[in-house]
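Residues: numbered from 1 along the sequence shown. The figures here come from the full heavy-atom set of this structure, side chains too, leaving out hydrogens, waters and symmetry mates. Small disclaimer: the values here were computed from a predicted structure and weren't measured.
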Amino acid sequence: QVQLVQSGGGSVQAGGSLRLSCAPSEATFNSRAMGWFRQGPGKEREFVAAIRWNGGYTYYSDAVKDRFTISRDSAKNTVALQMNLLKPEDTAVYYCVSDPGIILSQLRNPGAYRHWGQGTQVTVSS
């Protein structure tokens, strides 16, 4: 069973930046898309961003658009999430996701991903 290993995150003041990274435990793991979801205190899990492996097309939630950037390193088979201008409402556990067979119309649906990272806490203080 492939695992997604996350790194990065932590605590920062509002307006600051953090970076998350995610790599599959098997270097040969391929996916049509990878992405990030988050779950804040008392909230449901929500879509943050996704990237298609072919073409590098990116997708963002309205809440993070223009502040967060998702990117991929095809050679290393990794994905990263650069988070700038962080707000207290960005505080959440962030999860890396992937699925080799995902239907591209379902990129924003958490139920469409079979592989999830362990979760990384991001805390933004005001």
Side-chain angles (χ1 to χ4, degrees):
Q1 179 75 4
V2 172
Q3 295 180 344
L4 299 179
V5 181
Q6 299 178 215
S7 60
S11 298
V12 69
Q13 289 190 330
S17 299
L18 287 172
R19 184 177 179 89
L20 302 177
S21 296
C22 175
S25 56
E26 297 178 7
T28 56
F29 178 74
N30 291 312
S31 183
R32 298 185 70 187
M34 295 184 72
W36 296 90
F37 283 76
R38 68 185 182 185
Q39 187 164 17
K43 298 181 181 180
E44 294 186 353
R45 195 165 294 187
E46 64 173 346
F47 171 79
V48 175
I51 185 167
R52 290 169 54 177
W53 224 246
N54 288 330
Y57 298 102
T58 56
Y59 307 81
Y60 298 95
S61 70
D62 289 341
V64 308
K65 191 175 182 180
D66 298 327
R67 298 188 297 121
F68 290 12
T69 302
I70 187 170
S71 61
R72 77 195 194 291
D73 184 328
S74 298
K76 297 181 180 179
N77 211 21
T78 60
V79 66
L81 185 69
Q82 178 66 40
M83 304 180 290
N84 298 329
L85 299 175
L86 282 161
K87 304 176 181 180
E89 50 263 46
D90 294 319
T91 295
V93 177
Y94 285 70
Y95 297 91
C96 175
V97 296
S98 181
D99 194 294
I102 190 168
I103 300 173
L104 297 178
S105 63
Q106 296 296 309
L107 287 177
R108 300 172 186 264
N109 178 7
Y113 296 91
R114 288 176 289 176
H115 301 282
W116 288 71
Q118 78 275 20
T120 301
Q121 178 68 46
V122 170
T123 301
V124 185
S125 59
S126 57

Verdict with reasoning, Cys96 to Trp36, per side-chain contact (heavy atoms from CB on, under 4.5 Å): CA-CA 5 Å; Cys96 175; Trp36 296 90; 3.7 Å; yes
Closest approach of [X] and [Y], non-hydrogen atoms and distance?
X: Pro41; Y: Thr91; answer: CD-O, 3.8 Å
X: Thr78; Y: Ala23; answer: CG2-CB, 3.6 Å
X: Ser98; Y: Ser31; answer: OG-OG, 2.7 Å
X: Arg19; Y: Ala80; answer: NH2-CB, 3.4 Å
X: Val2; Y: Pro24; answer: CG1-CB, 4.1 Å
X: Asn84; Y: Ser17; answer: OD1-OG, 2.9 Å

If you draw a 6.0 Å radius around [atom1] in [X], do more than 12 non-hydrogen atoms from other residues or ligands fall strictly inside?
X: Gln13; atom1: CD; answer: no
X: Leu104; atom1: CG; answer: yes
X: Gln121; atom1: CD; answer: yes

Positive for side-chain contact (heavy atoms from CB on, under 4.5 Å) with Ile70, one of Val79, Val48, Val64: Val79
Aromatic centroids of Tyr95 and Tyr113 separated by under 6.0 Å: no
Check: Arg52 side chain, Tyr57 main-chain N or O, donor-acceptor pair, under 3.5 Å: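 No, because the side chain of Arg52 does not come within donor-acceptor range (under 3.5 Å) of the backbone of Tyr57.
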Test item: Asp99 side-chain N/O and Arg114 main-chain N/O as donor-acceptor pair under 3.5 Å: yes
Distance, nearest 0.5 Å, that separates [atom1] of [X] from [atom2] of [Y]:
X: Glu44; Y: Gln39; atom1: CD; atom2: CD; answer: 8.5 Å
X: Phe47; Y: Tyr60; atom1: CZ; atom2: OH; answer: 9.0 Å
X: Tyr59; Y: Arg108; atom1: OH; atom2: CZ; answer: 8.5 Å
X: His115; Y: Cys22; atom1: NE2; atom2: SG; answer: 11.5 Å
X: Leu20; Y: Gln6; atom1: CG; atom2: CD; answer: 7.0 Å
X: Ile102; Y: Met34; atom1: CD1; atom2: CE; answer: 11.0 Å

Worked check of side-chain contact (heavy atoms from CB on, under 4.5 Å) between Phe68 and Ser61: CA-CA 10 Å; Phe68 290 12; Ser61 70; over 6 Å; no
Evaluation steps, side-chain contact (heavy atoms from CB on, under 4.5 Å), between Ser74 and Trp53: CA-CA 8 Å; Ser74 298; Trp53 224 246; 4.3 Å; yes
Test side-chain contact (heavy atoms from CB on, under 4.5 Å) applied to Glu46 and Arg38, step by step: CA-CA 5 Å; Glu46 64 173 346; Arg38 68 185 182 185; 2.6 Å; yes
Do [X] and [Y] belong to the same hydrophobic cluster, where Ile, Leu, Val, Met, Phe, Trp and Tyr are linked whenever their side-chain heavy atoms lie under 4.5 Å apart, directly or via other members?
X: Phe37; Y: Val124; value: no
X: Val12; Y: Tyr94; value: yes
X: Val93; Y: Val97; value: yes

Side chain proximity check, Asp90 to Met83, heavy atoms < 4.5 angstrom: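 No - every pair of side-chain heavy atoms lies 4.5 Å or more apart.
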